[in-house]
Amino acid sequence: MIATADLDACRELIRTGSYSFHAASRLLPEKVRAPSLALYAFCRVADDAVDEAVNEGQQEDAEAKRRAVLSLRDRLDLVYAGRPRNAPADRAFAAVVEEFEMPRTLPEALLEGLAWDAVGKSYDTFSGVLDYSARVAAAVGAMMCVLMRVRDPDVLARACDLGLAMQLTNIARDVGTDARSGRIYLPREWMEEAGLPVEEFLANPVACDRIRAVTRRLLRAADRLYYRSESGVCGLPLACRPGIYAARHIYAAIGREIARNGYDSVTRRAFTNKRQKLVWLAVSATRAALTPIGPGCATLHAAPEPEVAFLVNAAARARPQRGRSEALIAVLAQLEAQDRQIARQRMGNRVNPI
């Protein structure tokens with residue numbers, strides 16, 4: 001299905017760019033590991049293309065990010081047309097899309113989240129943060145279910161819970177890094193409630209008690225989602241359960257490291273070492289082995305978070321939709337309009353130099 005050379009390139013990209021997933025993927029069966037490496041490699045390339053689109057000056061930086069997102073849109077169009085760009089991750093992901101009939105809504109949700117980054121969208125409420133997390137992380141959880149040939153809505157909802165929890169952990173870990181880049185992904189209303197205006201923190205990001213309290217609150221929300229996600233693991237193929245448990249435990253361990261650091265994600269960045277990962281891999285294998293004899297969990301049938309319902313519905317469909325969502329069309333149109341405006345301004349400056 002995937003050319004050997006392309007798969008090797010995807011594996012190397014994940015090995016050096018996503019340590020946690022690389023560790024967890026080692027417990028997946030080969031028939032799922034190979035397409036999941038292709039999926040994560042394409043997602044990694046997409047994320048890096050936006051994050052690394054940096055030039056000198058704020059305006060040029062924003063312009064580079066917009067163009068990176070629009071380029072990703074074109075690459076995704078080529079993937080779904082069966083004519084991927086001549087790059088390992090694109091070719092491998094195109095093979096996955098064809099083999100598993102991947103609903104286009106899922107990777108386009110990721111594209112929409114990256115577009116939100118490019119336009120500098122911020123999030124006033126926790127629901128807004130979940131909207132963003134649904135696109136950049138829960139969509140990947142739903143795609144992983146598709147790779148396991150699981151389309152049950154309850155299991156998909158729990159996979160999305162895991163994606164949300166992992167992204168909330170990422171946000172909590174990167175508070176300081178994001179702030180120094182002029183970005184904030186924490187709910188603005190939570191910061192206001194803690195007595196810490198966003199502009200004040202961005203101007204001087206320090207590890208005060210107020211930002212620690214907001215970080216702790218976010219990790220508690222993540223813990224609730226990690227717990228609820230576990231009930232969905234029993235709905236996955238038995239051979240896939242160790243890898244998913246491993247992803248859950250390794251990411252949750254990052255949250256515990258943040259807690260051990262006194263919820264200070266401004267002056268330090270939490271991580272897990274190789275020994276810790278090996279421990280969680282062993283724990284995950286043991287937990288997966290016990291799932292056939294364990295009791296069921298009522299949280300399996302909990303309704304999906306409203307912010308991920310569209311992902312569950314898309315992945316559960318027998319025949320995936322082909323068109324773009326109205327929301328994605330709107331944000332891409334916004335990026336194109338900004339590009340045209342800048343082009344007109346530059347042309348005017350050349351005609352009428354100051």
Side-chain angles (χ1 to χ4, degrees), residues 1-48 79 84 87-103 106-107 110 136-152 155-156 158-160 162-163 165-166 229-230 232-253 272 274 276-292 315:
M1 182 180 65
I2 303 172
T4 301
D6 289 343
L7 184 58
D8 289 343
C10 291
R11 183 178 290 108
E12 182 62 19
L13 179 64
I14 295 302
R15 187 185 68 81
T16 58
S18 184
Y19 300 116
S20 295
F21 176 75
H22 182 261
S25 69
R26 293 162 66 182
L27 294 183
L28 291 171
E30 179 58 29
K31 66 180 181 180
V32 176
R33 184 189 308 119
S36 69
L37 287 171
L39 166 62
Y40 267 76
F42 188 81
C43 293
R44 182 78 266 166
V45 166
D47 191 43
D48 288 348
V79 164
D90 296 59
R91 291 192 299 265
F93 186 55
V96 168
V97 165
E98 180 178 3
E99 172 68 18
F100 293 90
E101 296 186 326
M102 182 66 69
L106 304 182
L110 173 63
V136 299
V140 180
M143 285 191 276
M144 284 296 296
C145 279
V146 172
L147 299 188
M148 298 175 199
R149 305 204 184 269
V150 173
R151 302 267 185 159
D152 178 82
V155 179
L156 286 164
R158 303 291 74 82
C160 287
L162 180 56
M166 293 165 73
S229 73
E230 290 192 351
V233 178
C234 295
L236 301 175
L238 184 60
C240 296
R241 296 175 193 177
I244 303 307
Y245 270 131
R248 178 255 187 269
H249 286 303
I250 290 171
Y251 263 86
T272 54
K274 184 176 181 180
Q276 290 171 308
K277 287 184 175 70
L278 290 174
V279 169
W280 285 119
L281 290 177
V283 169
S284 299
T286 301
R287 290 200 65 186
L290 295 175
T291 51

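Computed from a prediction, not measured in an experiment: that's the story for all the values here. Residue numbers count from 1 along this sequence.
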Do the side chains of [Y] and [X] get nearer than 4.5 Å, heavy atoms only?
| X | Y | answer |
| --- | --- | --- |
| K31 | P237 | no |
| F42 | P107 | no |
| F100 | P35 | yes |
| L147 | M143 | no |

Hey, could you give me the [atom1]/[atom2] distance between [X] and [Y], rounded to the nearest 0.5 Å?
| X | Y | atom1 | atom2 | answer |
| --- | --- | --- | --- | --- |
| L37 | E12 | CG | CD | 11.5 Å |
| Y245 | T286 | OH | OG1 | 11.5 Å |
| Y40 | C10 | OH | SG | 14.0 Å |
| M148 | S36 | CE | OG | 7.5 Å |

Query raised in the report: Would R149 and E99 satisfy salt bridge (Lys or Arg N to Asp or Glu O under 4.0 Å), going step by step from the backbone distance to the final call?
Result: CA-CA 11 Å; R149 305 204 184 269; E99 172 68 18; 3.0 Å; yes
Of all residues at least two apart in sequence or in a different chain, which pass the side-chain hydrogen bond (donor to acceptor under 3.5 Å, both in side chains) check with [X]?
| X | result |
| --- | --- |
| R11 | D8 |
| R287 | E230, H249 |
| R26 | none |
| E98 | none |

Query raised in the report: Run the side chain to side chain contact (heavy atoms under 4.5 Å, CB included) check on I244 and R158 step by step: do they pass?
Result: CA-CA 11 Å; I244 303 307; R158 303 291 74 82; over 6 Å; no
Query raised in the report: Does I250 offer a backbone N or O that forms a donor-acceptor pair with the side chain of K277 under 3.5 Å?
Result: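 Looks like no, no N/O pair under 3.5 Å.
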Query raised in the report: Is a donor on one side and an acceptor on the other found under 3.5 Å between the side chain of S229 and the backbone of L162?
Result: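 No; zero donor-acceptor contacts below 3.5 Å.
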**Report entry** Inter- and intrachain pairs under salt bridge (charged side-chain N to carboxylate O under 4.0 Å, His left out), touching residues 236-245, at least two apart
**Finding:**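 Matches after skipping sequence neighbours: none remain.
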Requested in this report: Using salt bridge (charged side-chain N to carboxylate O under 4.0 Å, His left out) as the criterion, list what pairs up with D152, not counting sequence neighbours.
Outcome: none
Just jot down the side-chain contact (heavy atoms from CB on, under 4.5 Å) partners of [X], sequence neighbours excluded, or say none.
| X | value |
| --- | --- |
| A95 | M1, I2 |
| A159 | C145 |
| P88 | D6, A9, R91 |

